[in-house]
Amino acid sequence: EVQLVESGGGLVQAGGSLRLSCAASGFTFDDYEIGWFRQAPGEAREGVSCINNSDGSTYYEDSVKGRFTISSDNAKSTVYLQMNSLKPEDTAAYYCAARLLYHHDEPPLLNPYEYDYWGQGTQVAVDS
């Protein structure tokens with residue numbers, strides 16, 4: 001059974017940091033791209049960052065570049081999202097998702113409709 005389990009969310013003051021984790025099981029981790037998405041109330045789900053577990057390449061949405069860092073521990077089948085300099089507009093439910101790679105060096109893709117498996121999400125709230 002495929003599972004993606006997020007953890008690490010919480011309430012933090014603006015300027016603070018959080019580290020989200022996404023623990024994966026039930027599929028061959030190295031064959032997938034893992035993406036982080038977020039959804040604020042009344043808003044569409046948007047891509048934040050993704051990492052290709054085959055070649056290690058990463059991608060960031062413009063609003064988080066320089067503040068967020070995605071990393072992967074393939075031995076633990078876990079992806080992390082280190083979030084620094086948090087802003088109130090980062091407040092959202094954060095989800096990780098997995099997308100099968102058909103070629104190891106595929107370009108990154110943050111279209112949520114292209115992802116096959118999803119976690120249940122973890123809430124991040126940034127207080128101004």
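Remember, predicted model here, so these are calculated numbers, not experimental data.
The environment of CD in Gln123 is crowded: more than 12 heavy-atom neighbours from other residues, nucleotides or ligands sit within 6.0 Å.
Remark: Arg99 engages Glu33 in a salt bridge, criterion side-chain N to carboxylate O under 4.0 Å. The pair Lys65-Asp62 meets the salt-bridge criterion, with a side-chain N (NZ, NE, NH1 or NH2) lying under 4.0 Å from an Asp/Glu carboxylate O.
How far CD of Glu1 is from OG of Ser25: 7.5 Å, rounded to the nearest 0.5 Å. A distance of 5.0 Å separates CE in Met83 from CZ in Phe68, rounded to the nearest 0.5 Å. Separating the CG atom in Leu18 from the CG atom in Asn84 is a distance of 9.5 Å, to the nearest 0.5 Å.
Heavy atoms only, all atoms of each residue included: Cys22 and Leu4 are closest at SG-CD2, 3.9 Å. Of all the heavy atoms in Cys50 and Gly35, the pair that sits closest is CB-CA, 3.8 Å. Considering all non-hydrogen atoms of both residues, Asp90 and Arg67 come closest at OD2-NH1, 2.7 Å. Pairing each heavy atom of Asp73 with each of Phe29, the nearest pair is O-CE2, 4.2 Å. Between Asp30 and Asn74, the closest heavy-atom pair is OD1-ND2, 2.8 Å. Considering every non-hydrogen atom in both Ser72 and Val79, the closest pair reads OG-CG2, 3.8 Å.
Figure legend: Arg19 and Tyr80 shown as a cation-pi pair, the cationic atom lying under 6.0 angstrom from the six-membered ring centre and within 45 degrees of its axis. With Tyr95 as the aromatic partner, Arg38 does not meet the cation-pi criteria of under 6.0 angstrom to the ring centre and within 45 degrees of the ring axis.
A side chain to side chain contact (heavy atoms under 4.5 Å, CB included) with Leu81 is found for one member of Ile70, Val124, Ile34 and no other, namely Ile70.
If you chain together hydrophobic residues whose side chains sit under 4.5 Å apart, Val48 and Leu86 fall into the same group. No single ILVMFWY cluster, assembled from side-chain heavy atoms under 4.5 Å apart, contains both Tyr117 and Tyr115. One hydrophobic cluster holds both Tyr60 and Trp36 under the rule that ILVMFWY side chains link at heavy-atom gaps under 4.5 Å. Linking Ile, Leu, Val, Met, Phe, Trp and Tyr residues whenever their side-chain heavy atoms come within less than 4.5 Å places Val64 and Val12 in a single cluster. Connection of Leu110 to Tyr102 is not established within any shared hydrophobic cluster, with ILVMFWY side chains joined at heavy-atom distances below 4.5 Å, either directly or through further cluster members.
Of the possible donor and acceptor atoms, none in the side chain of Asp127 sits under 3.5 Å from a partner among the backbone N and O of Pro88. Checking side-chain atoms of Glu114 against main-chain N and O of Asn111 turns up no donor-acceptor pair under 3.5 Å. With Tyr94 contributing its side chain and Ser7 its backbone, the two residues share no donor-acceptor pair below 3.5 Å. Distance alone, capped at 3.5 Å, is enough to place a donor-acceptor pair between the Glu6 side chain and the Gln120 backbone. A donor-acceptor pair under 3.5 Å is absent between the side-chain atoms of Ser54 and the main chain of Asp31, judged by distance alone. Although no hydrogens or angles enter the test, the distance criterion places a donor-acceptor pair under 3.5 Å between the side chain of Asn52 and the main chain of His104.
Within the 4.5 Å cutoff, side-chain heavy atoms of Pro112 are placed close to those of Trp118. Using a 4.5 Å cut-off on side-chain heavy atoms (C-beta onward), Gln82 and Ser17 make contact.
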